[in-house]
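Take a look at the structure set out below.
The residues of the chain are indexed from 1 along the displayed sequence. Order of listing sets the numbers, starting from 1, for every ligand and every atom in it. It should be emphasised that the depicted structure is a prediction, and the values quoted were computed from it without experimental measurement. Scope of the values below: all heavy atoms of this structure, side chains included, with no hydrogens, waters or symmetry mates.
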Amino acid sequence: MAKQVFIDSAADYLGQEVVINGWLYNKTHKGKLAFLMIRDGTGIIQAVVFSGNVSEELFEQCIHLPQESALRVTGVLKEDKRAKGGCELQVDTLEIIHIAEEYPITPKEHGTDFLMDHRHLWLRSSRQHAIMKIRHQIIKACRDYFDGLGFTLIDAPIFTPSVCEGTTTLFETDYFESKAYLTQSGQLYMEAAAMAFGKVYCFGPTFRAEKSKTRRHLTEFWMIEPEMAYCDLSQDMDLAEGMIEYVVQQVLENRKDELETLERDTGRLEKIVRPFPRITYDEAVQILHEANAEFKDGDDFGGGDETIISDKFEKPVMVTHYPAQVKAFYMKTDPAKPDRALCVDMLAPEGYGEIIGGGQREDNLDILLTRIKEHNLPADAFKWYLDLRKYGSVPHAGFGLGIERTVAYICGLQHIRETIPFPRTIYRLYP
Ligand code: 4AD
Ligand code: MG
């Protein structure tokens with residue numbers, strides 16, 4: 001039996017007889033030769049069928065085989081310097097596993113809605129393939145970064161009894177005789193974990209009932225959230241900066257082909273090395289005023305404001321000290337300026353907006369209680385969280401990186417919907 005190989009390692013088997021399992025991506029024929037482009041998820045290879053090697057009937061079938069038909073081909077790998085993988089397969093035998101129906105996605109232009117309705121098939125295209133490969137690399141790099149620094153991975157629950165990021169975007173669900181919410185962030189649980197393990201992170205899906213239809217918002221998105229005990233805002237920013245540098249450089253190193261498929265300007269990504277600029281909210285507001293943007297002091301930044309601010313920089317910019325009133329209840333306020341939060345948002349360059357939100361947490365029991373009341377949150381549900389301020393409360397900080405925003409930025413995508421295999425937005429729950 002010939003060895004079964006994947007296309008990405010085919011060049012290691014030149015001159016040998018191998019089996020390749022895959023799907024028909026494209027085909028042409030000329031005289032006695034049929035050229036089948038076969039993809040197997042790791043790459044694409046040309047398989048050449050000579051009519052003399054197979055039955056007349058099978059050769060006819062090859063020529064008329066619809067796109068995405070499933071095939072098992074056996075043959076000898078021959079060097080071909082012009083081919084992407086450096087070789088082609090000269091077919092000895094070919095088994096048709098399944099003859100596909102007429103494939104709905106053709107090389108002609110399709111509308112976004114059509115493609116999104118066929119997302120389960122669209123994922124097979126080279127562009128979507130490249131995006132998912134980069135997404136995987138980004139997630140791996142984040143995890144490697146924290147693992148390398150000795151962080152412990154702690155999983156946060158998905159069903160929660162309480163709010164983390166504001167009551168307006170909660171997804172509520174029945175939970176036996178009571179109600180539960182789908183988690184908006186694992187942060188509060190990471191705070192508990194940081195007091196147990198020192199430095200921790202979670203990685204999982206988070207949910208927000210975002211009613212706005214923007215190119216930056218999903219209702220289900222993935223976040224990586226580190227949290228550290230005995231950590232202040234500036235150390236937290238060092239960590240965020242180090243992580244982004246590592247992630248971008250890892251993608252540049254390991255996903256060259258995919259970035260090329262996406263026609264990403266990698267020169268801009270090569271500049272993403274520490275240190276990143278750090279400015280305060282007030283300095284950011286100054287930038288908006290200088291650009292004559294319509295902006296009211298004290299407000300949170302909208303997507304358009306973030307673009308104007310980040311356009312001033314080639315690297316991601318970290319904006320700190322927002323007005324406490326526009327930020328979440330758990331943020332520690334600046335002792336020197338109590339109306340300001342010790343928080344940081346990292347804004348990606350090229351108009352991609354906020355990719356990271358985080359900061360130092362309120363560690364004083366009484367102040368935290370007051371903040372919970374001010375935000376009209378039910379203190380009952382936070383009883384366990386308040387315990388953390390009763391038993392060895394220490395300064396601590398962390399942040400959340402939105403995976404999809406980061407994928408959009410690194411891949412250079414117009415819209416967040418292509419960054420996740422099966423996007424969920426206000427208008428999309430299918431497929
Ligand atoms: O700024 P956010 O709301 O911060 C938190 O949830 C903190 N509890 C995190 C922490 O400190 N542990 O969200 C963090 C990041 C944003 O910067 C953004 O990248 C992403 O999550 N994000 C979204 N991504 C896609 N769709 C949405 N609707 C998003 N909302 C936030
Ligand atoms: Mg935020």
Identify the protein atoms, limited to N or O, that lie within less than 3.5 Å of an N or O atom of ligand 1, and list each pair with its distance to 0.1 Å.
residue  : atom   : partner : partner atom : Å
ligand 1 : 1 (O)  : Glu354  : OE2          : 2.9
ligand 1 : 3 (O)  : Arg208  : NH1          : 2.8
ligand 1 : 3 (O)  : Arg208  : NH2          : 3.2
ligand 1 : 6 (O)  : Glu165  : OE2          : 3.3
ligand 1 : 6 (O)  : Arg208  : NH2          : 2.8
ligand 1 : 8 (N)  : Glu165  : OE2          : 2.6
ligand 1 : 8 (N)  : Ser185  : OG           : 2.9
ligand 1 : 8 (N)  : Gln187  : OE1          : 2.7
ligand 1 : 8 (N)  : Tyr330  : OH           : 3.3
ligand 1 : 11 (O) : Gln187  : OE1          : 3.3
ligand 1 : 11 (O) : Arg361  : NH1          : 3.3
ligand 1 : 11 (O) : Arg361  : NH2          : 2.9
ligand 1 : 12 (N) : Glu225  : OE1          : 2.7
ligand 1 : 12 (N) : Phe399  : O            : 3.4
ligand 1 : 17 (O) : Glu354  : OE2          : 2.6
ligand 1 : 17 (O) : Ile355  : O            : 3.4
ligand 1 : 17 (O) : Ile356  : N            : 3.4
ligand 1 : 17 (O) : Gly357  : N            : 3.4
ligand 1 : 19 (O) : Ile355  : O            : 2.9
ligand 1 : 19 (O) : Gly402  : N            : 3.3
ligand 1 : 26 (N) : Leu218  : N            : 3.0
ligand 1 : 28 (N) : Glu210  : OE2          : 3.0
ligand 1 : 28 (N) : Leu218  : O            : 2.9

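- Around the Mg ion (ligand 2), the protein N, O or S atoms closer than 2.8 Å are Glu354 OE2, listed by chain and residue number.
- Salt-bridge annotation for Asp236 and Arg361: absent, with no side-chain N of the basic residue lying under 4.0 Å from a carboxylate O of the acidic one.
- Looking only at distances, a side-chain donor or acceptor of Lys199 sits under 3.5 Å from a matching main-chain atom of Leu149.
- With ring centers used as reference points, Phe301 lies under 6.0 Å from Phe295.
- Here the two rings, on Tyr281 and Tyr322, have centers that are under 6.0 Å apart.
- Using a distance-only test at 3.5 Å, with no hydrogens or angles considered, no donor-acceptor pair links the side chain of Thr266 to the main chain of Leu269.
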Could you walk me through whether Arg340 and Asp282 pass the salt bridge (Lys or Arg N to Asp or Glu O under 4.0 Å) check? CA-CA 10 Å; Arg340 297 308 170 104; Asp282 289 342; 3.0 Å; yes
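- Between Tyr181 and Phe159, the gap from one ring centroid to the other reaches at least 6.0 Å.
- Proximity of the aromatic rings of Tyr189 and Trp384 is defined here by a centroid distance below 6.0 angstrom, and this criterion is met.
- Remark: Phe114 CZ is packed, more than 12 non-hydrogen atoms of other residues, nucleotides or ligands lying under 6.0 Å away.
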